[in-house]
Participant: 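Shown below is the structure under consideration.
None of the values given here were measured: they were computed from a predicted structure. Excluded from the calculations below are hydrogen atoms, water molecules and symmetry mates; all remaining heavy atoms, backbone and side chain alike, are included. Below, chain A is the first sequence line, B the second, and so on; all start at residue 1.
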Protein chains: 2
Amino acid sequence: MTSLKKITEFRRPVAINLASRASASGCEDCGARHHGLCDALTDDELAFLARVAQRLTLAAGTALIEEGEPAQYFYNINSGNIRLFKSLPDGRRQITGFAGPGHFLGLAATGKNVFSAETMEPVQLCRFSRTAMASMFEEFPVLERKLLDVAMHELVLSQQQMLLLGRKTAIERIASFLLSWAERQEICAAGTLPKPNTTMKLPLSRTDLADFLGLTIETVSRSLSYLKRDGLIEIPNIHEIVLLRPQALSDIAEAAV
Amino acid sequence: MTSLKKITEFRRPVAINLASRASASGCEDCGARHHGLCDALTDDELAFLARVAQRLTLAAGTALIEEGEPAQYFYNINSGNIRLFKSLPDGRRQITGFAGPGHFLGLAATGKNVFSAETMEPVQLCRFSRTAMASMFEEFPVLERKLLDVAMHELVLSQQQMLLLGRKTAIERIASFLLSWAERQEICAAGTLPKPNTTMKLPLSRTDLADFLGLTIETVSRSLSYLKRDGLIEIPNIHEIVLLRPQALSDIAEAAV
DNA sequence: CGCCGGCTTTGATATGACTCAATGAACAGT
DNA sequence: ACTGTTCATTGAGTCATATCAAAGCCGGCG
């Protein structure tokens, strides 16, 4: 299949959400509801996936993709969260996104990884070799359409993040992040606000938060304290946040005038 | 075609490079060499494109896509450059990318635009209606594969830009930009440096540059002056830059230690 | 229980980039 | 050539965030 070969040759590493229904990979939560992005996979597709996939469990803090290394595998996450990032030689780090249950980490079949990925907690995932991936696409060309949709969704998120990193103040970044994280956790529908007093989990360290928002941990901490003092949020513990006044957060996030 | 309908419903607005060879749209330069990303279109594809496309010429400064407005068309650029950006209510603006000859601006067939686009100079382009686009995909499903490739390439660029916006200093941003712009202009192959003393066109105002790099025009100007003083670049006129010492620029851009 | 080590919060100071302001250069129209 | 307009450069001062430093908190483990 020369045309197939071409695809894999040209495909770049990238993090996308396959939003597979369930699971070949055994994940109970990988419904199409993830990002509401594309249809669930068919049973045929799932069965095929089950045959070519390799299941793995990784401990927290495992580096599964390293920038600059040859890209060898595709991953589909079942449970747990992964951070994706790029680094500068002097150690500065920018987290470019997160991948959670249902997300898909596609790698260049040839070429090198252009970002790194580490598990933030114990992670269960399915790994596909280059050839398994290729045969999957051959078997189900419709997958490409689905991948295209999710890749485009990722691009939309990237553009939002560029606006945040390039033009928003520290407090605006924090407010924006909290709301977008709520959307990501499907606490609220895309484009809507969560209800007041909604509690959400936040499995990120302050360092992760800082590296995602282009700030320092001190500034992150100060901004959160500020929001807390003003009664917009509550922080019962380090991994939970209560959104007391989402509308007020939104006003800050979008710099409403 | 229900499946086709679904695609268009879910497709998000996004700027991608179709890298069409040339053209239905009459562009002499739209070779596959653009980004070296995917194969040229076949003659069949080009002929089909010619039938469904609508050719337009736009004056410099025309707003062709506005964030929040309903998305109606797909565009394929023949000549000229377009800036893509997002804005905050108070006027702060972040340019998220540029689209030049051969690039493709895809719009959600339903839904709203998530970014705005304006021509930076006179632009010739082809416009496709939602239905024309849909029939094109129906006719040539392989287009989706190509779009997937270019969407992934755009994601790679976005990730680079996030690192730049979140973690680089002003001078590093300028140096990075100059080199990536050279790559974009195909003055050098991806991943390589241009030859010393290479001259390149830079059809951006300082304001565009600032809004792309998350800086102010003053800081952009100062950083360029600094590079000029140190003999890394030459600025014969506002729309041209000579890269005297690309390696030195690269050392700054990548924060080599 | 109590000490230790890592992470977070808070405080004090420094600084890179922004803001405000003036000057300079390029260009269009008269 | 002159004038007005717009955009770019340069300078001076300010401010938001980074950096440096010191507590505070919390979980693990002896």
Participant: Quick check on DNA chain D: between A:E218 and B:S221, whose nearest nucleotide comes earlier from the 5' end?
Facilitator: B:S221
Participant: If you assign each of A:G214 and B:R229 to its closest nucleotide in DNA chain D, which residue comes earlier from the 5' end?
Facilitator: B:R229
Participant: Is A:I217 touching bases, backbone alone, or none of the nucleic acid, heavy atoms closer than 4.0 Å?
Facilitator: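 Answer is nothing: A:I217 stays at 4.0 Å or more from every strand.
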Participant: Contact class for A:L224 vs. all strands (heavy atom < 4.0 Å): base, sugar-phosphate, or nothing?
Facilitator: nothing
Participant: On DNA chain C, check which nucleotide each of A:R222 and A:R167 is closest to and give me the residue with the more 5' one.
Facilitator: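 Residue closer to the 5' terminus by nearest nucleotide: A:R222.
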Participant: Apply side chain to side chain contact (heavy atoms under 4.5 Å, CB included) to B:L56 and list each qualifying residue two or more places apart in sequence or on a separate chain.
Facilitator: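 Applying side chain to side chain contact (heavy atoms under 4.5 Å, CB included) to B:L56 gives B:L125, B:R127.
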Participant: Give the angle between the helix axes at the two ends of the helix from C:dC1-D:dG30 to C:dT30-D:dA1, taking five base pairs at each end and rounding to 10°.
Facilitator: 30°
Participant: Stepwise, does the side-chain contact (heavy atoms from CB on, under 4.5 Å) test hold for B:I171 with B:S223?
Facilitator: CA-CA 6 Å; B:I171 195 79; B:S223 302; 4.0 Å; yes
Participant: Step by step, would you call A:E172 with B:R92 a salt bridge (Lys or Arg N to Asp or Glu O under 4.0 Å)?
Facilitator: CA-CA 13 Å; A:E172 289 165 356; B:R92 277 175 286 173; 2.8 Å; yes
Participant: Applying salt bridge (Lys or Arg N to Asp or Glu O under 4.0 Å), can you list everything that pairs with A:E67, at least two apart in sequence or on another chain?
Facilitator: A:K86
Participant: Hey, where on DNA chain C does chain A first and last touch, going 5' to 3'? Cut-off is any atom under 4.0 Å from a heavy atom.
Facilitator: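 Answer, 5' to 3': C:dT8 to C:dA12.
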Participant: Just to verify, what does A:E218 make a salt bridge (Lys or Arg N to Asp or Glu O under 4.0 Å) with, not counting sequence neighbours?
Facilitator: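 A:E218: no salt bridge (Lys or Arg N to Asp or Glu O under 4.0 Å) contacts found.
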Participant: Go through the structure and list residues passing side chain to side chain donor-acceptor pair (under 3.5 Å) with B:E118, not counting sequence neighbours.
Facilitator: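 Partners of B:E118 under the side chain to side chain donor-acceptor pair (under 3.5 Å) test: B:R83.
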Participant: Not counting sequence neighbours, which residues clear side chain to side chain contact (heavy atoms under 4.5 Å, CB included) with B:N237? List them please.
Facilitator: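 Testing B:N237 for side chain to side chain contact (heavy atoms under 4.5 Å, CB included), a comparison that skips the adjacent residues, returns B:H239, B:E240.
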Participant: Taking only residues two or more places apart in sequence or in another chain, which ones pass salt bridge (Lys or Arg N to Asp or Glu O under 4.0 Å) with A:R206?
Facilitator: none
Participant: Report the residues that fulfil side chain to side chain donor-acceptor pair (under 3.5 Å) with B:R93, sequence neighbours left out, ordered by chain and then residue number.
Facilitator: B:D208, B:D211
Participant: Taking only residues two or more places apart in sequence or in another chain, which ones pass side chain to side chain donor-acceptor pair (under 3.5 Å) with A:Q247?
Facilitator: A:D251
Participant: A:E121: what forms a side chain to side chain donor-acceptor pair (under 3.5 Å) with it, not counting sequence neighbours?
Facilitator: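 In terms of side chain to side chain donor-acceptor pair (under 3.5 Å), with neighbours along the sequence ignored, A:E121 is linked to A:N81.
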Participant: Give the first and the last nucleotide of DNA chain D, reading 5' to 3', that has any atom under 4.0 Å from a heavy atom of chain A.
Facilitator: D:dT17 to D:dC20
